Amino acid sequence: RQSKEQVKPLQEFARQCYSGYSSEDFKGRELSDIYGTLVGSWSFIQHHTASVAKVRVFNPEYQKHGWQSGHTVVAVLARDMPFITDSIRGELNRRNVMIYTLHSTILSVIRDQHDQLCELLPARSVMKAPPNCKLCEEALLYIEIGRCTDPAQLKNIADTLSTIMSEVVQVVDDFKPMTMKAESVM
């Protein structure tokens, strides 16, 4: 149950996250599990350091998470940049892991100097951040894969995806300087 102050931001988060879903995506799912996914994702984005991707791989259990799924869930939060979805999907495909659901949402958020979420803005907002805050464009990936029950394998998937995301950040950040250097020698 959410407090009155939490309802409006959570409604906006649901609108942004679920606007790309079709009715087929909800078929066979319990309303409590859809809500649990939403609240779990909302909790996941509350703190994020923009320079490092946040990766979580887990098996939702009702007693522990307030919702359940027959699949393993992969959640990734990173600053919005190219290659995120393809890189994550590529690693899961390399492992021959069945992907049942893959959704990506771009969020415009304001974070304070401690990387805590202050406000979820309408998608692709253009504004100036308040003092001591920063405006961020972040990509949230929600993926359901074939159930994995081995804790070591769950950790390995999370660690590997974190490494891949670090490499994506490096490639994206190096692209412009490398392009400029190449153009200067031509």
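All heavy atoms count here, side chains included; hydrogens, waters and symmetry mates do not. Since the model is a prediction, treat every value here as computed from it, not as a measurement.
- Ile143 is not connected to Leu38 by any chain of hydrophobic side-chain contacts under 4.5 Å among Ile, Leu, Val, Met, Phe, Trp and Tyr, and they are in different clusters.
- Note that CD1 of Ile34 and OG of Ser69 are 11.5 Å apart. Values are rounded to the nearest 0.5 Å.
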Practice item. Show your working on side-chain contact (heavy atoms from CB on, under 4.5 Å) between Arg111 and Leu117 and close with a plain yes or no. Key: CA-CA 5 Å; Arg111 293 196 179 275; Leu117 180 67; 3.7 Å; yes

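- Hydrophobic clustering, with ILVMFWY side chains joined whenever heavy atoms are under 4.5 angstrom apart, groups Leu102 together with Ile84.
- Distance alone, capped at 3.5 Å, is enough to place a donor-acceptor pair between the His48 side chain and the Leu77 backbone.
- Each of Val55 and Leu107 belongs to its own hydrophobic cluster when Ile, Leu, Val, Met, Phe, Trp and Tyr are linked at side-chain heavy-atom distances under 4.5 angstrom.
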Exercise for review: Could you walk me through whether Tyr142 and Val73 pass the side-chain contact (heavy atoms from CB on, under 4.5 Å) test, one step at a time?
Suggested key: CA-CA 7 Å; Tyr142 175 84; Val73 171; 3.5 Å; yes

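- Counting only distance, with no hydrogens or angles, the side chain of Ser43 and the backbone of Val39 share no donor-acceptor pair below 3.5 Å.
- With Glu138 contributing its side chain and Ala50 its backbone, the two residues share no donor-acceptor pair below 3.5 Å.
- Residues Glu12 and Leu121 come closest through the heavy atom pair OE2-O, 4.5 Å.
- A donor-acceptor contact shorter than 3.5 Å links the side chain of Gln116 to the backbone of Gln46.
- The neighbour count for Phe26 CZ, taken as heavy atoms of other residues, nucleotides or ligands under 6.0 Å away, is above 12.
- The aromatic rings of Trp67 and Phe58 sit perpendicular to each other, their planes meeting at more than 60°, with 30° as the lower class boundary.
- Phe83 CZ: 12 or fewer foreign heavy atoms inside a 6.0 Å radius.
- A side chain to side chain donor-acceptor pair (under 3.5 Å) check over residues 84-94, counting only residues at least two apart or in different chains, returns the pairs Glu91-Arg94, Glu91-Arg95.
- Of the possible donor and acceptor atoms, one in the side chain of Thr72 sits under 3.5 Å from a partner among the backbone N and O of Cys148.
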Practice item. List the steps, then state whether side-chain contact (heavy atoms from CB on, under 4.5 Å) holds for Asp150 with Asn156. Key: CA-CA 10 Å; Asp150 179 5; Asn156 180 265; over 6 Å; no

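- Connection of Val97 to Leu141 is established within a shared hydrophobic cluster, with ILVMFWY side chains joined at heavy-atom distances below 4.5 Å, either directly or through further cluster members.
- In terms of heavy-atom proximity, Ile106 sits nearest to Gln16 at O-OE1, 4.0 Å.
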Practice item. Take Phe13 and Thr105 through the side-chain contact (heavy atoms from CB on, under 4.5 Å) test and state the conclusion after the steps. Key: CA-CA 10 Å; Phe13 183 64; Thr105 305; over 6 Å; no

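- Asp115 contributes no side-chain N or O that, together with a main-chain N or O of His47, makes up a donor-acceptor pair within less than 3.5 Å.
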